[in-house]
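Since the structure comes first, as structure tokens, the remarks are kept for the end.
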Amino acid sequence: MNIEAKELTKIYGGGGNQVTALNRASLTIAPGDFISIMGPSGSGKSTLLHLLSGLDRPSSGHLTYDGKDLYSLSDKELSAFRRRRIGFVFQQFHLLPVLTARENIIMPLLLDRKQPDEAYLRELAQMLGIQDRLSHLPHELSGGQQQRTAVARALIAKPDVIFADEPTGNLDSRSGGEVMELLRTVGKEMGKALVVITHDSRIAGMAERRLTIVDGVLSEAAV
């Protein structure tokens, strides 16, 4: 799936209180791309991710997925599109505490009234090193294991693209490096595009395409 953003702009407020969080950002994302986006706090990184993934709508600009205008979808259609085509990994793991790791992983499918592909679930769990932790509750897992569970949840619906917002922010450097290496490996082996928002230059350096955003202005660095 090819994603193309053209001059995405997001403005909050009006008059003297107007703030331009994102200023005419353009970006293409192809299958298998590994892209990092770096910038200081408040630079517009998360705003860009929210717009690219359809979690928010821009003040102006266009976003297409394989030529289809994502913002032309109704909220209900957009929600279904995200469940089926987009995977999310956040700094906060967002695991439901009363559900086991397995139940958390398959939750997006159940919301879509689908049954999990058990063979694929086993493959994911093994690839992420949590095959023996699926029956455990989140509080029984380490931080790294919780984030691996969140990665499996992001992949369970076999999405075309994964958006990760500071995915290593709650992990120590070793666990964070392991999670990023797994994300990169999974993306390559499964042909998924991976877009990572990070403030960590070491994490950003793992990407094949490196973008920076400052005061809402996006630019791509030569690698």
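Along the sequence shown, residues are numbered consecutively beginning with 1.
One N or O on the side chain of R210 and one on the backbone of G205 form a donor-acceptor pair closer than 3.5 Å. For the pair R133 (side chain) and A101 (backbone), a donor-acceptor distance under 3.5 Å is absent. With hydrogens and angles ignored, the 3.5 Å screen pairs no side-chain donor or acceptor of K45 with any backbone N or O of I213. No donor-acceptor distance shorter than 3.5 angstrom exists from the side chain of S79 to the backbone of D75, with no hydrogens or angles considered. Using modelled atom types, one side-chain atom of N104 and one backbone atom of L99 make a donor-acceptor pair closer than 3.5 Å. Looking only at distances, a side-chain donor or acceptor of Q147 sits under 3.5 Å from a matching main-chain atom of P167. Between the T198 side chain and the M38 main chain, no donor and acceptor come within less than 3.5 Å of each other. Between the side chain of D66 and the backbone N or O of N2, at least one donor-acceptor pair lies under 3.5 Å. Using a distance-only test at 3.5 Å, with no hydrogens or angles considered, no donor-acceptor pair links the side chain of K6 to the main chain of L63. A donor-acceptor pair is defined here as one N or O able to donate and one able to accept, closer than 3.5 Å; no such pair exists between the side chain of D33 and the backbone of A193.
Ion pairing between a basic and an acidic side chain is recognised when a charged N comes within 4.0 Å of a carboxylate O; E208 and R184 show no such pairing.
Around CD of E118, the count of heavy atoms belonging to other residues, nucleotides or ligands within 6.0 Å exceeds 12. Atom CG of D215 has 12 or fewer heavy atoms from other residues, nucleotides or ligands within 6.0 Å.
With rounding to the nearest 0.5 angstrom, the CG atom of L155 is 7.5 Å from the NZ atom of K192. Here the CG-CZ distance, from L183 to R148, works out to 10.0 Å after rounding to the nearest 0.5 Å. In this structure, the separation between CD on Q126 and CG on L128 is 10.5 Å, given to the nearest 0.5 Å. Taken to the nearest 0.5 Å, the CD1 atom of I197 stands 9.0 Å off from the NE2 atom of H50. Remark: I29 CD1 to F34 CZ distance equals 13.0 Å, nearest 0.5 Å.
In this structure, F88 and F90 have parallel ring planes: the angle between them is below the 30° cut-off, well short of the 60° mark.
No side-chain donor from either of T47 and D56 sits under 3.5 Å from a side-chain acceptor of the other.
With sequence neighbours excluded, the residues forming a side chain to side chain contact (heavy atoms under 4.5 Å, CB included) with L137 are T100, H139, E140, listed by chain and number.
Neither V161 nor V89 shares a network with the other; the hydrophobic side chains, linked directly or stepwise wherever heavy atoms of I, L, V, M, F, W or Y lie under 4.5 Å apart, form separate groups for each.
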